[in-house]
Structure formats: C-alpha cells, structure tokens
Amino acid sequence: MDGSRNSWVNTTHDWAGTVDEDHLDGIRRRSAEFVPGGPEHLVLEVVAYAADEAAGRGGGRCVVTLHADGSVSVKDDGRGTDTRVDEHGRVVKKPVMATKDLRFFDFPEAERLPDGHPRRGMSVVAALSEWLIHTNRRVNGSWSRRYERGVPVTDLRPVEADGTTGTCVRFLPDEALRAGWSLTADDLALRSAHWPDLTARLDDRRHGEGRPGS
C-alpha cells in the first residue's frame with residue numbers, strides 16, 4: 001500500500017488525474033504544432049522517456065520497431081512506469097498517456113528533442129495515434145492498457161512476468177501523419193546520439209510480420 005492518493009507528490013504528472021479530454025482534444029486540434037516532424041517526432045517523444053530512465057540508472061537500452069501494419073513500438077529496459085496502490089487497494093498508474101507532462105507541456109522551451117522541436121510529453125503520442133498499447137513491467141507487477149486517440153479503452157490488464165522490467169509503447173500514428181514517412185537505422189543513430197546514456201537500435205519488420213491482434 002502506497003498510502004492516500006492525495007499525499008502522492010506530483011513530479012511529472014498529476015496523480016489526481018486520469019484522463020484530461022480537453023488536453024487531448026487541444027493536441028488534436030493543433031496537431032501541426034505538436035508533430036512538426038511527423039511520426040519521427042512521436043518516436044522521439046517516447047524514446048525521450050527511455051533516455052530519462054537510462055540517465056537515472058547510468059545506462060540503458062531501447063529498441064524501436066517498425067511493424068508491418070504501420071505502427072511503431074519503443075521498448076526499453078528501465079524500471080517501468082510508476083504504479084502504486086492507493087488507500088482503497090486500487091492499482092493506480094501514473095497517467096502519462098492521457099494527461100499533460102507537468103515538466104514540458106506548458107514550458108515548451110524547457111527541453112528540445114534531437115529534431116530541434118520542443119518536448120511536450122507522451123500525451124502527444126497518445127492523442128495523435130489511432131491506438132496505443134502501453135505494456136509495463138515492474139518488479140511489483142506487469143500490466144497492459146490500450147488507448148484510442150489518447151483515451152483508455154481497457155482497464156489495466158495483468159501481463160505474465162518474464163523476469164524483466166521496462167516499458168513497451170506501441171502506437172499507430174494517425175493516417176494523415178503516416179504518408180511518406182520512414183525511419184532508418186542511420187536516422188535513429190543520429191537522433192539518439194543526443195542521449196549519451198541510451199543505446200537505441202532499430203528493428204524493421206515492415207516486410208516480415210503479420211498484423212497484431214487488438
């Protein structure tokens with residue numbers, strides 16, 4: 001038990017929130033502002049969280065996978081997204097997908113991603129994706145949740161432990177963003193050099209993978 005939810009300190013996100021639909025709608029209405037580099041910027045928003053974990057632990061890895069259905073996944077070996085148990089025994093995960101990142105969203109000059117554009121947070125990725133699946137592995141349990149345009153459409157679903165920790169964020173960018181987009185290993189190597197504690201690798205499965213289930 002991690003105590004009363006009201007006592008939890010907000011660092012990156014507001015623990016009292018679950019879904020901020022006005023925030024998500026605002027991102028969708030101004031999509032050109034939030035993804036000036038198209039899907040590559042979305043990838044970098046996710047990789048930045050893997051880099052945060054790597055920096056905090058003195059090193060880490062992530063794999064960016066291009067899937068046959070047009071989706072992208074970013075899998076890291078960090079601690080996993082913070083997940084707690086409130087005073088009622090309910091499992092609560094930090095609302096990284098459906099609420100704003102308090103460090104960046106209202107302070108666009110606070111940090112820039114390696115494409116030169118402001119970092120805004122994971123909610124930009126969720127809001128501008130047809131669907132997103134967040135799989136989280138921590139020492140105290142593993143789960144998965146599906147989002148559609150930033151809104152969770154499933155509860156936290158238990159995932160069998162495999163002896164690892166970390167997160168996997170798989171998302172399908174909006175169709176209008178996907179046209180003519182590509183990412184190469186050289187592109188990723190150039191961008192990820194921005195984060196010296198992170199080793200990033202590209203796995204291109206676009207021509208050798210079936211469509212995933214939902």
Side-chain angles (χ1 to χ4, degrees), residues 2 8-13 15 37 39-67 71-84 91-105 107 110-126 129 132-145 147 156 158-171 173 183-205:
D2 293 292
W8 298 348
V9 176
N10 297 328
T11 53
T12 66
H13 294 78
W15 282 100
E40 180 179 332
H41 185 79
L42 299 182
V43 172
L44 294 177
E45 289 277 13
V46 184
V47 173
Y49 283 86
D52 289 344
E53 279 291 294
R57 298 183 302 119
R61 298 176 180 275
C62 78
V63 178
V64 177
T65 302
L66 306 179
H67 298 277
S71 68
V72 184
S73 63
V74 179
K75 184 176 182 179
D76 67 51
D77 62 353
R79 297 166 298 171
T81 304
D82 196 355
T83 306
R84 304 181 182 183
V91 176
V92 181
K93 81 166 185 70
K94 186 181 288 188
V96 297
M97 297 297 172
T99 68
K100 68 175 65 175
D101 191 313
L102 302 174
R103 299 170 296 173
F104 309 120
F105 198 83
F107 305 96
E111 179 178 334
R112 292 202 172 249
L113 293 172
D115 61 0
H117 300 300
R119 181 178 180 183
R120 303 300 181 93
M122 202 83 80
S123 60
V124 170
V125 184
S129 294
L132 181 151
I133 299 172
H134 182 191
T135 303
N136 191 52
R137 297 183 182 276
R138 287 176 65 84
V139 295
N140 61 345
S142 303
W143 50 260
S144 181
R145 171 173 275 175
Y147 298 77
L156 296 182
V159 174
E160 185 175 353
D162 65 359
T164 69
T165 61
T167 63
C168 181
V169 178
R170 181 168 178 174
F171 61 96
L183 181 70
T184 68
D186 288 343
D187 293 334
L188 182 61
L190 179 65
R191 298 304 196 193
S192 62
H194 179 80
W195 297 294
D197 295 302
L198 181 70
T199 300
R201 177 173 65 85
L202 185 71
D203 183 7
D204 190 344
R205 301 184 182 180

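Just so you know, residue 1 is the first one in the sequence shown, and it goes up from there.
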Around atom CZ of Arg103, are there more than 12 heavy atoms from other residues, nucleotides or ligands closer than 6.0 Å? yes
Measure the shortest side-chain to side-chain distance between Thr65 and Lys75 over non-hydrogen atoms and say whether it is less than 4.5 angstrom. no
Report the residues that fulfil side chain to side chain contact (heavy atoms under 4.5 Å, CB included) with Leu202, sequence neighbours left out, ordered by chain and then residue number. Val64, Leu66, Leu183, Ala185, Leu188
Within residues 192-201 or reaching into it, pairs that qualify as side chain to side chain donor-acceptor pair (under 3.5 Å) - sequence neighbours excluded: none
Between Thr167 and Asp76, does the side chain to side chain donor-acceptor pair (under 3.5 Å) criterion hold? Intermediate values first, please. CA-CA 6 Å; Thr167 63; Asp76 67 51; 2.8 Å; yes
Could you check whether any side-chain heavy atom of Asn136 comes within less than 4.5 Å of a side-chain heavy atom of Lys93, counting everything from C-beta outward? no
What pairs of residues pass the side chain to side chain donor-acceptor pair (under 3.5 Å) test when at least one of them lies in residues 41-55, not counting sequence neighbours? His41-Glu45, His41-Asp115, Tyr49-Asp101, Asp52-Arg119, Glu53-Arg79
With sequence neighbours excluded, residues passing side-chain hydrogen bond (donor to acceptor under 3.5 Å, both in side chains) with His117: none
To the nearest 0.5 Å, what is the distance between CZ (Phe104) and CG (Leu113)? 8.5 Å
Do Thr184 and Asp186 have a side chain donor and acceptor closer than 3.5 Å? no
Compare all side-chain heavy atoms of Asp77 with those of Thr164 and state whether any distance is below 4.5 angstrom. no
Partners of Leu102 by side chain to side chain contact (heavy atoms under 4.5 Å, CB included), sequence neighbours excluded? Asn10, Lys100
Partners of Ser142 by side-chain hydrogen bond (donor to acceptor under 3.5 Å, both in side chains), sequence neighbours excluded? none
Please report the closest heavy-atom contact between Trp15 and Val92, naming both atoms and the distance. CZ3-O, 3.8 Å
Looking only at heavy atoms, what is the nearest atom pair of Ser144 and Ile133, with distance? OG-CG2, 3.4 Å
Taking all non-hydrogen atoms of both residues, which atom of His134 and which atom of Tyr147 are closest, and how far apart? CB-CE1, 4.2 Å
Taking the side chain as every heavy atom from C-beta outward, state whether Met97 and Arg145 have any pair of such atoms under 4.5 Å apart. no
Please round to the nearest 0.5 Å and tell me the distance separating atom CZ of Arg191 and atom CG of Leu198. 15.0 Å
